[in-house]
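Remarks on the structure that follows.
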2 protein chains.
Amino acid sequence: MDLDDRKAKILRAIIQNYQETGEPVGSRTISKYSDLNLSSATIRNEMADLEEMGLIVQPHTSAGRIPTDKGYRLYVDELMEAKDQEVTEMKDFLIQRVDRVELLLKQMAKLLAMNTNYATMITGPSYNNTKLKFIQLSGMGDHKLLAVIVVEGNIVKNTILDLDRDIEPQDLLSLNLLLNSNLNGLTLNEINLGIVKDLEEQAGEFGGLVRKILNAVADAIRNDGGMQIYTSGATNIFKYPELSDGQTASELIHTLEEKDQLRDLVKQSLDEDGKEGIQVYIGEEMPVQTMKDCSVVTANYELGGGIRGTIGIIGPKRMDYVKVMDTLKTLMAQLDILFRPVVEEPEDERGE
Amino acid sequence: MDLDDRKAKILRAIIQNYQETGEPVGSRTISKYSDLNLSSATIRNEMADLEEMGLIVQPHTSAGRIPTDKGYRLYVDELMEAKDQEVTEMKDFLIQRVDRVELLLKQMAKLLAMNTNYATMITGPSYNNTKLKFIQLSGMGDHKLLAVIVVEGNIVKNTILDLDRDIEPQDLLSLNLLLNSNLNGLTLNEINLGIVKDLEEQAGEFGGLVRKILNAVADAIRNDGGMQIYTSGATNIFKYPELSDGQTASELIHTLEEKDQLRDLVKQSLDEDGKEGIQVYIGEEMPVQTMKDCSVVTANYELGGGIRGTIGIIGPKRMDYVKVMDTLKTLMAQLDILFRPVVEEPEDERGE
DNA sequence: TGTTAGCACTCTACATAAACGAGTGCTAAC
DNA sequence: GTTAGCACTCGTTTATGTAGAGTGCTAACA
């Protein structure tokens with residue numbers, strides 16, 4: 001059996017209605033509120049077909065129908081139609097260029113959560129493709145060495161190394177010179193084994209130290225070894241009864257709080273990269289078990305200068321995919337406009 | 001009517017029993033499980049008195065009694081008895097001295113949440129009383145200046161300043177020297193107007209710049225102007241039915257997520273400073289409306305070198321105050337041991 | 001005078017049953 | 001192919017009854 005135009009319309013009507021009410025939708029409702037001008041009986045026949053095709057189900061015999069994961073999938077892939085809507089003005093927020101990437105991200109997450117009424121997450125940027133601007137080593141006494149690393153976009157990171165002994169100021173000076181003249185302008189990815197080895201040799205007696213420093217630098221830039229994730233609007237899930245019962249809500253919020261599993265999700269999303277950079281996971285498609293009653297829409301953002309990350313919106317399976325995807329697209333576009341003509345003056349971040 | 005010994009024992013029994021079960025406790029229960037050897041009828045008479053005194057209430061006519069806020073207050077202030085208990089071993093966690101304060105704090109919050117089964121919060125430290133170790137200025141080109149600030153305890157902060165023009169390397173060098181020779185060893189609080197003015201004069205043509213730098217430094221150290229708060233274990237509240245219904249849970253988690261109101265709470269807690277540095281807020285005593293079904297126990301921690309903050313445990317009003325307060329005390333003591341013998345450079349070694 | 005046994009009473013929680021209604025599938029007629 | 005009609009299903013609501021926990025009060029007891 002194939003999905004003719006009428007069936008598609010009915011499926012779309014069911015999904016949209018269910019989106020608004022959260023209640024199973026019956027044949028009479030569709031008959032009355034759609035522009036198909038068909039009696040409920042006809043709708044019923046079609047619905048039986050749709051059910052046979054696995055696109056909708058009845059929660060129980062005498063109830064209306066709700067979409068299945070497969071139904072949502074079809075809708076997202078082929079049936080969605082852009083509906084006019086007030087493009088939410090985030091510009092005001094973003095325009096006041098926050099000077100810290102971290103803060104900007106948190107604000108974006110919060111803003112999106114308020115705008116959409118869903119939960120949101122956003123990863124801290126990865127700097128793997130960002131160019132090194134300079135490294136500055138300073139002795140701290142006490143056998144400790146402070147390394148401050150500045151990358152493109154004026155992001156500042158720092159790390160402290162424990163050494164066997166203190167280093168003489170003039171040695172420090174030449175080390176600084178050595179590192180900067182060799183690494184300046186390279187991205188983290190480009191600092192490979194070959195270069196490290198090369199530097200080690202040039203450094204002579206400080207070879208081991210150079211290696212140690214570079215490792216620490218790599219660690220620091222890789223954002224403390226683990227991907228940072230910020231979440232916001234977790235409590236929005238209480239707006240959707242199907243997610244509000246103790247068990248589900250607790251698990252869900254725990255997942256959002258712990259963030260470990262979100263990390264897996266983000267990794268997968270980075271691998272797949274859907275159309276227009278937007279990715280949709282529906283229910284059981286989700287790699288995260290505790291979120292199988294949810295859908296997640298993810299997008300990859302770019303702040304210019306190789307600073308990239310992922311942003312995600314988490315809601316019930318009946319989330320308003322059109323609105324969410326539009327909002328994300330708008331946001332991405334605005335980020336692009338704001339950060340594309342990088343006049344080399346944007347964010348800085350202070351390490352801790 | 002006054003609270004004689006027997007009434008006190010009964011009240012204590014009621015509170016402890018309610019703590020464990022979460023159910024209103026009846027006269028028969030007390031009669032059987034307490035060491036008073038009284039019949040339920042006698043207990044009933046006493047309970048009627050306790051109710052008249054406003055220490056306990058019946059949720060409804062044919063139910064047992066539960067403590068009121070006033071009852072809890074009396075218990076916390078006078079009736080609590082230390083019960084032997086496994087002092088939870090956090091040492092293992094803490095011993096692996098994380099070198100980033102932020103991470104340490106997050107870990108502590110998480111650990112406490114796991115140990116107590118309540119939600120926790122912890123403020124980032126304030127560095128107002130921490131001594132400056134050194135400041136390092138570096139030109140970044142493009143009219144930008146990077147200031148890296150290191151304070152006692154090897155906390156590193158940094159900030160970027162926008163200037164009218166770039167500064168010559170030798171000027172930078174003398175500025176660095178000027179700042180460090182004058183500010184080294186001072187706390188943020190000690191860097192007052194007088195010193196700033198003094199430095200400004202010494203700096204000659206760079207006077208304005210010095211002022212700008214010092215302001216930025218102060219901002220950076222003050223932790224971005226706002227108190228950082230980390231929370232953990234928010235989902236623990238679902239373990240307590242009285243907090244688990246949609247409305248309450250949602251509000252509570254929202255409060256924990258947003259943190260604004262927690263900030264007020266912390267401020268108040270810093271002002272009051274209860275006995276042994278521990279503060280207890282019960283129900284309606286709470287300055288935060290959304291937490292009026294909860295109790296919060298706060299303590300002020302110190303990591304040595306003037307690094308201070310507040311830690312708090314949020315649970316139902318029937319929380320195990322004894323355990324919570326013990327745990328906090330233990331933690332504080334362990335922090336003390338771990339951070340007290342901070343071996344500073346000799347010159348800094350004047351006890352505070 | 002303090003304690004206790006006994007009892008009537010209250011109120012919640014739970015179970016059962018009946019009534020309701022939304023929605024269906026099927027059939028027959030258009 | 002569409003639709004009206006109808007019997008049927010099943011969850012939701014409402015009413016009713018019952019069991020049990022716990023109380024307050026009274027009267028008897030030590």
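The basis for the numbers below is simple: all heavy atoms, side chains too, and nothing from hydrogens, waters or symmetry mates. Every chain is numbered from 1 and lettered A, B, ... according to where its sequence line falls, protein lines coming before strand lines. Nothing here was measured: the structure is a model prediction, and the numbers come from that model.
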Quiz item: Would you say A:R28 has more than 12 foreign heavy atoms packed within less than 6.0 Å of its CZ?
Solution: no
Quiz prompt | Whole angstrom value for the distance that separates P of D:dT2 from CG of A:D49 | solution = 12 Å
Exercise. Pull out every residue in residues 24-34 of chain B that has a heavy atom closer than 4.0 Å to any atom of DNA chain D, ordered by number, or say none.
Key: B:G26, B:S27
Quiz item: Rounding to a whole Å, what distance do you find between B:N45:CG and D:dG22:P?
Solution: 17 Å
Quiz item: Between C:dT4 atom C1' and B:L36 atom CG, what is the distance in whole Å?
Solution: 15 Å
Quiz item: Is there a donor and acceptor pair closer than 3.5 Å between the side chain of B:T61 and the base of C:dC11?
Solution: no
Quiz item: So which nucleotide does D:dA27 pair with, by the Watson-Crick or G-U wobble rule with both distances under 3.5 Å?
Solution: C:dT4
Practice problem: Quick one: label A:A41 by what it contacts on the DNA or RNA (base, sugar-phosphate, nothing), any heavy atom closer than 4.0 Å. | Solution: base
Practice problem: Please check if the side chain of A:D69 supplies one atom and the backbone of A:E285 the other of a donor-acceptor pair under 3.5 Å. | Solution: no
Quiz prompt | d(CZ, B:R44; C1', D:dC25) in whole Å | solution = 10 Å
Quiz item: For the salt bridge (Lys or Arg N to Asp or Glu O under 4.0 Å) test, which of A:E52, A:E23, A:E46, A:E51 pairs with A:R65?
Solution: A:E51
Self-check item: D:dT14 pairs with, by Watson-Crick or G-U criteria that keep both distances under 3.5 Å
Solution: C:dA17
Quiz item: Considering residues, nucleotides and ligands other than B:R73, do more than 12 of their heavy atoms fall under 6.0 Å from its CZ?
Solution: yes
Quiz item: Rounded to the Å, how far apart are A:Q58 CD and D:dC10 C1'?
Solution: 11 Å
Practice problem: Nearest whole angstrom, please: distance from the P of D:dT23 to the CD1 of B:I66. | Solution: 13 Å
Quiz item: Rounded to the nearest Å, what distance is computed from the CG atom of residue B:N37 to the P atom of nucleotide C:dT3?
Solution: 12 Å
Practice problem: Give the rounded distance in Å between these two atoms: CD1 of A:I43 and P of C:dA22. | Solution: 19 Å
Quiz item: What distance do A:D320 atom CG and A:I313 atom CD1 have between them, rounded to the nearest 0.5 Å?
Solution: 10.5 Å
Self-check item: Side chain of A:H60 - closest among D:dG11, C:dT24, C:dG6
Solution: D:dG11
Practice problem: Please step through salt bridge (charged side-chain N to carboxylate O under 4.0 Å, His left out) for the pair B:R318 and B:E20, ending with a clear verdict. | Solution: CA-CA 8 Å; B:R318 65 177 165 102; B:E20 287 163 27; over 6 Å; no
Quiz item: Under 4.0 Å: is that the gap between some side-chain N or O of A:S39 and OP1 or OP2 of D:dT2?
Solution: no
Quiz item: Nearest to the side chain of A:S62, which nucleotide is it out of D:dA21, C:dG23, D:dA4?
Solution: C:dG23
Self-check item: Assigned partner base of C:dC30, Watson-Crick or wobble definition, under 3.5 Å
Solution: D:dG1
Exercise. Please determine, by modelled atom types, if B:S269 and B:T298 share a side-chain donor-acceptor pair under 3.5 angstrom.
Key: yes
